[in-house]
Structure formats: C-alpha cells, structure tokens
Student: 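Structure incoming, see below.
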Amino acid sequence: MTQPTRAALQAFFDLHGIRDVECIFPDVSGYPRGKLMPAASFAAGSELRIAQAIPMQCVTGDYSYDPVFPDADPDVRLVPDYATLKRSPWSSVPRAFAIHDCVELSGEPCAFSARSLLETVVARYTAQGLTPVVAPEIEFYLTAPCTNPDQPLTAPLTRNGRAEAGQSAFSMNMLNEHAAFWDAFRSALESLGVQSDTWIHEVGTSQFEINLMHGDPLAVADQAFLFKYAAKEIAIQHGLNAVFMAKPIAGAPGSSMHLHQSVVDSAGRNIFSTDDGQESAAFGHFIAGLQTYGPDLMLVFAPFVNSYRRFVVGSQAPINLAWGHDNRTAGLRIPQSGPAARRVENRIAGADANPYLAIAASLAAGLAGMNERLQPSEPLDAGANAYLQAHALERSFLPAHERMAHSPSARRLLGEAFVTGYCAVKALEYQSYLHEISAWERRFLLPQV
C-alpha cells in the first residue's frame, strides 16, 4: 500500500484520539514483537529499527549464537505495511497498530523474518502468473487462568457457575456460555478486518474452532496473526486464557490449523480443475509436492516439543501424508466441492504453528511439486482409514529437527539462512526443555527406579 500522507495519518490519529502506535511484527513463533511509537512520529515517517536477532527470539527469551547470526547484532528497519494500520480494540486507551516488515539496512528483506519468507514464496507464484489462495481453520481452548504452570489447565467457569464437563462438539449452549467473550472477540475481529466464517464448539472441553475466509496468503496470514493476538488479549479481559498449544490438556483432543489451498491463473480460473471440471495434472503435482517435501518441513508445521503429542492415532490428527476425498484420517484431505472450489486441505499444522511459516512451507512444497511434475500416491479408497497405514511423519521433536537441519530440499524451498537460523533457535528451545523434569518422571520413576 502507498504510504499515506503525513496529514492523512495525523488526521486519522486525531479523529480517534490515538496517542501511540504499536509497530509490531511476527517473530519466529508467530508472537507479536515490536516497539511502541508516538503517533506523531509514526505519521512523520520516523525510521524505526530493531536488532536483527529479535525476529528469531526463542520462546524462552533466549537467542542463538549460531554463526549465521552476526556477533555484531546489527539492526534491521521496521517498515510498516500501511494497509494493516488499525485501531487496537483491546487497549485501555486509544491506540493503533500496524504490522511491519523487517528489512535489512541494505534494503533486502531480512532472511529471518517470517512475513518476508511468505512474501518470497508468494512471489514465486506471481512470477509464473499464478495466485495461491489460502483459508485456515484455527482451533484453540478457553481455559481458566494458569497461575501455576506445574498444574494442568482447567476448564473455566461458565455463566451458570459450573465448568464444562465431557465433550460437547457443536453445542450451541456451550458456545453461548461464554457469550460475553465471544461478543467482544467478534467485535474485535470485525474492527481488525479479520474475515471469519463459521464459529463452532469443537470436540474438546472448552475447545473451539473458527474458520477464516479464503484469500491472499499474506493477508490471510496477517489475519491469523491478529486473530491469535486478539483472542489472547480479549480472553484476559474476561478472566480467561486463549490457548493455542497443539496439545494443551492430557487426554483431550489437540488443536490444529488446517490449511485449505488452491491456485488460480491470471484469469482467475482454479488450475486444480480442467475445463470439463475434472482434476487437473497440476492438482496431482501439488499434492505430490506436499507428500514429497512435507516431511522435511515438519518442524515448521509442528515447531515445539508439545506439538508432537497431537499426532495420536484415531484423534483426527494425521500420522502420514496419505490423501483422499473427504477423508479426515488423511494428512491431505480433498473436501467435496465444485470444480471452481477444488482445493487441498493440509491437516498437518498445529494451532501452535506460525501461520506465516506454515502457509509459506505448504505453498512452497506444492509449487515445487507442480514445477517438478511430481506424481502423487494413489488416493485412499472411499472409507479407507489412513491410520491403518504406516506412521510416516516424525513422531517427536528431535527427529523432525534433524531431518530439517540436514535437508537440502528445506534449504532450497525456504532459504539457506532461514533454515540454519530456524534450526538453531529450535535446538536452543529443546535444550531448555531438557532442563525440565515432568510429572510422568516423578510419578513412575521416583518410586520404582
């Protein structure tokens, strides 16, 4: 978007009484980081910088000292995308925010920026006269506040004074039990321009799913980023926690971020369908790209130790990259649709995945499949169960990390510097995890070993 004039920006800020602007960007985990700038300085176009390492900050707050990160810790510029400038719906005083890109002082995109990586992948489609279309489905839990991380998360009290018990999939009553939160959250999403579709109560206790409308990958990733930011802020205002961990509660269903993907040509035609409405060769090639390269990119779709607890047989979380029509046991599901809406649903990513990186990885794999004319496996027969096939995805963090770190394909698809930096960050997070002693170890090893 073209930069508005200083007068136009200042008029917007004056109209709404805005004093400050959150200059935010998604870090490697999809968490909002940045700086707070006076609105007058933002309107004046004042340059804003931040250390290059911040986009790759670990969830623990630590930083990797891998050689890919210069010891000098140079700055990058934060460049606003003015199309994302909005009023903040959760601030106690009028405040605005804008999503920023991280740009090297040389003018090149920062190799460690999740948003820039997605922009790079989309540009590959654009160069071929193609436009990818994406729609995520995001699941999350509402829980009571977690004041002691040593204790399990619990369901929050509802308006009738009781906590939800059992499973109430698609229950309207249980959706309504948190009406105050949903009303505020819905209002916030509308003010942010986040275009949502259906809202449902999922299978887990106090687990919910909201589908975002399909659209441009970068715009959709921005919306998913703001969706999670808003959910957490609005939940806190209502005495709740919005939890996007892949497996936050033992014995309960995990939370996913299914990605629906299609590709249109310059005329707006879905290239996954032929003129007579049948599945095209490009459709099969795209699926084959996900099957071929998806395993090497597993650490993007499942970025944390907790992520791998979600891939449990029979839980509608995939264990391989089999594909089939309207089959939720498959890692790659093809929903029933007309030719214009033919799409591939990638069911691998968890709700904990960075939406920019998950979308970038999925689209990069699919495009590589089309360019290389890869051939997919045979689709599952109607009614077939993919859980009866081999568990072909990595089952824990460390093998997934090793696979990505040593994968030439991952580096070709996502960039040498990014993969090196990403794996360095993930290795550091894993080392932090190893310092923790779990309840399982105390429960079984303490009395018997």
Student: Salt bridge between K247 and D352, side-chain N to carboxylate O under 4.0 Å?
Tutor: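 Looking at K247 and D352, the cut-off is not met.
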Student: Are Y141 and S255 close enough, and set up right, to give a side-chain contact (heavy atoms from CB on, under 4.5 Å), and what steps lead you there?
Tutor: CA-CA 8 Å; Y141 278 83; S255 292; 3.6 Å; yes
Student: Heavy-atom count around N160 CG within 6.0 Å, excluding the residue itself: above 12?
Tutor: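 Enclosed.
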Student: Can you name the residues that form a side chain to side chain donor-acceptor pair (under 3.5 Å) with E441, not counting sequence neighbours?
Tutor: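 Side chain to side chain donor-acceptor pair (under 3.5 Å) check on E441 returns S438.
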Student: Taking E372 first and then R412, would you say they form a salt bridge - that is, a charged N and a carboxylate O separated by under 4.0 Å?
Tutor: yes
Student: Verify ring-ring contact (aromatic ring centres under 6.0 Å, His included) between F208 and H201, making sure each step is shown before the conclusion.
Tutor: CA-CA 4 Å; F208 303 91; H201 188 298; 4.9 Å; yes
Student: Just wondering, are more than 12 heavy atoms of other shown residues or ligands nearer than 6.0 Å to CZ in R411?
Tutor: yes
Student: Compute the ring centroids of F185 and F227, then answer whether they are less than 6.0 Å apart.
Tutor: yes
Student: For F181 and H238, take the angle between the two ring planes, folded into 0 to 90°, and tell me which bin it lands in: parallel under 30, tilted 30 to 60, perpendicular over 60.
Tutor: perpendicular
Student: Assess whether ring-ring contact (aromatic ring centres under 6.0 Å, His included) is satisfied between F397 and F304, documenting all intermediate values.
Tutor: CA-CA 7 Å; F397 175 90; F304 304 106; 8.3 Å; no
Student: Check this for me: does any side-chain nitrogen of one of R77 and D101 sit under 4.0 Å from a carboxylate oxygen of the other?
Tutor: no
Student: To check you understand the geometry: which heavy-atom pair defines the closest contact between F301 and S362, and what is its length?
Tutor: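 F301 and S362 have their closest heavy atoms at CZ-N, 3.9 Å.
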Student: Could you report the tightest heavy-atom contact between R442 and I437, atom names first, then the distance?
Tutor: NH1-O, 3.0 Å
Student: Using every non-hydrogen atom in the two residues, find where L299 and Y422 come nearest and quote the distance to one decimal.
Tutor: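 The answer is O-OH, 2.8 Å.
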Student: Taking atom OH of Y63 as the centre, does the number of heavy atoms from other residues, nucleotides or ligands within less than 6.0 Å exceed 12?
Tutor: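 Counting neighbours around OH of Y63, more than 12 heavy atoms of other residues, nucleotides or ligands fall under 6.0 Å, so yes.
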Student: Taking NZ, NE, NH1 and NH2 as the nitrogens, is one of them in E345 or R343 under 4.0 Å from a carboxylate oxygen of the other?
Tutor: no
Student: If you compare all heavy atoms of V21 against all heavy atoms of A39, which two are closest, and at what distance to 0.1 Å?
Tutor: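 Scanning both residues, the minimum pair turns out to be CG2-CA, 4.0 Å.
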Student: I'd like to know whether CZ of R162 has more than 12 heavy-atom contacts from other residues, nucleotides or ligands below 6.0 angstrom.
Tutor: no
Student: May I have all residue pairs that pass ring-ring contact (aromatic ring centres under 6.0 Å, His included) and include part of residues 91-124, sequence neighbours excluded?
Tutor: F69-F112
Student: Is the distance between the ring centroids of F42 and Y82 less than 6.0 Å?
Tutor: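 Yes, the ring centres sit under 6.0 Å apart.
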